[in-house]
Amino acid sequence: MDKRMLGVMLGVAGIFLWFMPLVSWTEEFMGVSRTLIQTGQHLGGITYLLLFSMFAYCVLSWLKIHQLRIIAGVISLLICLIFFAQNKFTLRN
């Protein structure tokens with residue numbers, strides 16, 4: 001498979017996963033149990049930068065601009081690490 005297509009598929013997968021649940025937990029109140037989920041669109045703000053950086057990664061992979069593609073990938077990774085650290089230490093199961 002062409003490296004160009006692999007980069008595009010990785011960017012499209014990131015955009016698709018932005019809509020998938022990042023956090024899921026079950027909450028019980030007065031005998032009623034419900035499951036809550038949180039996706040990228042529920043977090044707002046910085047997650048739109050995450051969505052844009054994944055789109056930029058996809059486009060830059062197609063255009064073969066490797067330096068900017070690496071920057072977009074690093075931005076995506078850092079934002080994901082920020083969310084992971086916040087959710088790891090603030091949510092209780």
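As a basis for the values below, the full set of heavy atoms in this structure was taken, side chains included, without hydrogen atoms, waters or symmetry mates.
Leu63 and Val8 fall within the same hydrophobic cluster, where Ile, Leu, Val, Met, Phe, Trp and Tyr residues are linked whenever their side-chain heavy atoms come under 4.5 Å apart, directly or through other members. Residues Leu78 and Ile70 share a single hydrophobic cluster, defined by chaining ILVMFWY side chains whose heavy atoms lie under 4.5 Å apart. If you chain together hydrophobic residues whose side chains sit under 4.5 Å apart, Leu10 and Ile65 never meet in one group.
Listed by chain and residue number, Ile46, Leu49, Leu50, Ile75, Phe83 satisfy the side chain to side chain contact (heavy atoms under 4.5 Å, CB included) test with Ile79 (two or more places apart in sequence, or in another chain).
Between Ala72 and Ala56, the closest heavy-atom pair is CB-CB, 4.3 Å. When all heavy atoms of Arg69 and Leu60 are compared, the closest pair comes out as N-CD1, 3.7 Å.
Here CD1 of Ile15 is found 6.5 Å from CZ of Phe55. Values are rounded to the nearest 0.5 Å. Atom CG of Leu77 is separated from atom OH of Tyr57 by 11.5 Å, given to the nearest 0.5 angstrom. Here the OG-CE distance, from Ser61 to Met9, works out to 11.5 Å after rounding to the nearest 0.5 Å.
A donor-acceptor distance shorter than 3.5 angstrom exists from the side chain of Arg4 to the backbone of Trp62, with no hydrogens or angles considered.
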